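Report on one structure; see the data block that follows.
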2 protein chains.
Amino acid sequence: MRIILVGFGVVGKSVTTILARRYAEKVKDYGFNPKIVAIADIDGAVINPRGLSPEKLEAIKQRGFPISKDPDFGHPGMSALDVIESVEAEVVIEVTPVNIKNAEPALSHITKAFKTGKHVVTTNKGPLALAMPALTELADYNKVYLRFSGTVGGGTPMLEFAKRCLAGDKILAIRGILNGTTNYILTEMSQNRVTFQEALANAQKLGYAEREPSMDIDGFDTACKVVILANWIMNKKITLKDVDRTGIRDISLQALDEASNSGNTIKLIGSVDGGGRPTVKPTEIPKTDPLCVSGVLNAVTFSTEFAGEQTLVGRGAGGMETASAVLRDLLYIRQHLANKLLT
Amino acid sequence: MRIILVGFGVVGKSVTTILARRYAEKVKDYGFNPKIVAIADIDGAVINPRGLSPEKLEAIKQRGFPISKDPDFGHPGMSALDVIESVEAEVVIEVTPVNIKNAEPALSHITKAFKTGKHVVTTNKGPLALAMPALTELADYNKVYLRFSGTVGGGTPMLEFAKRCLAGDKILAIRGILNGTTNYILTEMSQNRVTFQEALANAQKLGYAEREPSMDIDGFDTACKVVILANWIMNKKITLKDVDRTGIRDISLQALDEASNSGNTIKLIGSVDGGGRPTVKPTEIPKTDPLCVSGVLNAVTFSTEFAGEQTLVGRGAGGMETASAVLRDLLYIRQHLANKLLT
């Protein structure tokens, strides 16, 4: 399996690490032979049709200068779109930064990949939040796979759990704590009695929150994940604009205290059910609810017809965690291609 | 798919309900056409090679007398082994009561099914706890499937989650609250400050504990589930005797108070990791641990190499919940048979 990696930040680098580290094992277990034949980032690309060796990838990561300056295989200034168009490969891994205004450049990368017959694995919520119904249709039309396990729950396989493990049952509703930053802030506020502003400053100091924190604290990130869950699991054809969204800026210590007096706490909950509008808003939940996880943890509860409520808890972010989701998606594609070849 | 149902207690009856209720939908979604052609219990059997209709099954459930007295299709005194041997079917669903002394009669039912070329879906922990390595080998030898989703976690797909959703990662350790009865007792003791004996009496009154409660409170049930997890997920060839087991009889209110003072509580934890002996014992865990669920809930935490700790929480028992696991197993077999036919 030849792979083009687009984006070489935290997740991109973790993907190369994980593929190198688990290479021998995966080949043995799954007959899976992944080769990164090109990496593209904002400055240019490195390309080697025979596969960039783990040592080469390691050397690229260690160096201070852009990947495209690699003396052997560098292509300074070559655009990701050109790489996707001209390099032969089966899969494009899209891990550029999220943009929820127009989803670029990821949206163009993904559509270009589809049009050139390449499967796509992405951890980028932007294109899915803005255009998931259209993208899944485009993938079907071009007979390629679009996989995005890493977009919800980081390494925690929330999407696969619902799709693969709950087969035979019916999911009636989903609600979740889908953003670690806001959960950290609310946990800090309620456990250490600091104000929203102080908790936010702590989160920024620890690297849990961006300097421009709106994506997290205004609920956009959670809303993107609700869109993905709603499309993928509840079969709703919605995009970001369809989500009713409220962030956590206005949560006061007093509100948290009052909740606590009734054995509850306030969490930023994203939810979607059979009817009504998908929603993101601060919500009081019992402290004994399995969904009520603390710190940067994420959790999601699926309400099912026969098996009751099932809750999945895990770390929602992190380079290696998210890269493990990319590996899962690659294995999924490899397995399905193998089955098709057999028929 | 023709099915022989062996055992017609709470789970067996729920299986017929679920198959009847979801019949039309499943046929549509999965091309799955399940037909119960025989039911056997301790008194005899009902057999109809054309399939027992949902109305017939309902009538059988409503009646006070044994199924084998059915005027149309009853076979009083016919043994389950004879039914398995003589009735044509693809799958045997084994849901007789658990017996961890010699695993009978379930063990004989399952081996008879294998030898006559039938796949087996069971919710019965006994045969697996005592002979899982041998049974999986026998299934392989006879080229049939043995599925047992309902044995761990009731309707919560703990086994599938580990096997299917964590592919590509490596599970390093498993620990869990795998028995709802003991979790209810410990929760009652710590939250309502009642003694072990009082909490047990409450559990018996509510139907959460048997009159002979040893299976639960002495940790046998948890140990059975640890054996299944260890074999299925960690690839260990062990049986019940290999588990180091301590129950909850000796947990005092004082011990719970002391744990509580350090922000912890005591739960009956089953665990298995790469080295060492699988263990069941009362263990202090932080109240903020996602594993720390209350009441009759079950929870299991998988520690993975890349994606960190992932915890799955759900109801561990219940007729409909467990029957939903049986349906999942039937769909799994149906899907794999379909794939084989295509190749």
Side-chain angles (χ1 to χ4, degrees), chain A residues 14 18 21-22 25-26 29-30 32 149 153-161 163-170 187 191 287-288 290-291 293-295 297 299 301-302 304-315 318 320-332 335 339 342-343, chain B residues 14 18 21-22 25-26 29-30 32 149 153-161 163-170 187 191 287-288 290-291 293-295 297 299 301-302 304-315 318 320-332 335 339 342-343:
Chain A
S14 299
I18 251 179
R21 206 193 299 171
R22 291 302 278 280
E25 235 169 285
K26 288 302 132 196
D29 291 2
Y30 301 89
F32 170 62
S149 301
T156 308
M158 294 178 173
L159 298 174
E160 289 91 329
F161 176 75
K163 200 81 164 187
R164 304 182 73 175
C165 294
L166 297 176
D169 210 325
K170 189 190 241 166
T187 304
Q191 287 180 0
K287 285 180 188 167
T288 53
L291 192 61
V293 295
S294 55
L297 285 176
T301 298
F302 300 99
T304 65
E305 184 179 358
F306 297 128
E309 297 202 332
Q310 316 215 345
T311 303
L312 183 54
V313 181
R315 287 186 214 157
M320 288 301 276
E321 287 85 352
T322 306
S324 78
V326 171
L327 177 54
R328 265 203 319 273
D329 284 346
L330 293 174
L331 287 172
Y332 174 92
Q335 237 168 2
N339 283 345
L342 288 171
T343 61
Chain B
S14 300
I18 249 178
R21 204 190 305 169
R22 291 301 278 280
E25 236 170 284
K26 289 301 133 193
D29 291 1
Y30 300 89
F32 170 60
S149 302
T156 308
M158 294 179 173
L159 298 173
E160 289 92 330
F161 176 75
K163 200 84 164 187
R164 304 181 74 174
C165 294
L166 296 175
D169 209 324
K170 190 188 243 166
T187 303
Q191 287 180 1
K287 285 182 187 164
T288 53
L291 192 60
V293 294
S294 55
L297 285 175
T301 298
F302 300 98
T304 66
E305 184 179 358
F306 297 128
E309 296 201 333
Q310 315 214 347
T311 302
L312 183 53
V313 181
R315 287 186 216 159
M320 288 303 275
E321 287 84 352
T322 307
S324 78
V326 170
L327 177 56
R328 268 203 316 273
D329 285 346
L330 293 174
L331 287 171
Y332 174 92
Q335 236 168 2
N339 282 346
L342 287 171
T343 62

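Chain A is the first sequence line, chain B the second, and so forth, proteins listed ahead of strands; every chain is numbered from 1. Predicted, not measured: the structure shown is a model, and the values here were computed from it.
The shortest distance between side-chain heavy atoms of A:Phe161 and B:Pro157 falls below 4.5 Å. The closest side-chain heavy-atom distance from B:Cys165 to A:Cys165 is below 4.5 Å.
Heavy-atom pairs under 4.5 Å with chain A peak, among B:Ser14, B:Ala307, B:Gly314, at B:Ala307.
Contact record, A:Ala167 with B:Leu331: C-CD1, 4.1 Å, taken as the closest heavy-atom pair.
If you run side-chain contact (heavy atoms from CB on, under 4.5 Å) between B:Val313 and each of A:Leu312, A:Thr311, A:Thr301, only A:Thr311 comes through.
Contacts between A:Leu297 and chain B at a heavy-atom distance below 4.5 Å involve the side chain alone, from C-beta outward. Of the two parts of A:Thr156, the backbone and the side chain both hold a non-hydrogen atom closer than 4.5 Å to a non-hydrogen atom of chain B.
At least one donor-acceptor pair closer than 3.5 Å links the side chain of A:Gln310 to the backbone N or O of B:Gly155.
For the atom pair OH of B:Tyr332 and CZ of A:Arg164, the computed distance is 10.5 Å after rounding to the nearest 0.5 Å. Residue A:Ile18 holds its CD1 atom at 8.0 Å from CD of B:Glu305, rounded to the nearest 0.5 Å. Rounded to the nearest 0.5 Å, atoms CD (B:Gln191) and OG1 (A:Thr288) are 7.5 Å apart. Atom-to-atom distance recorded for B:Thr304:OG1 and A:Met320:CE is 10.5 Å, nearest 0.5 angstrom.
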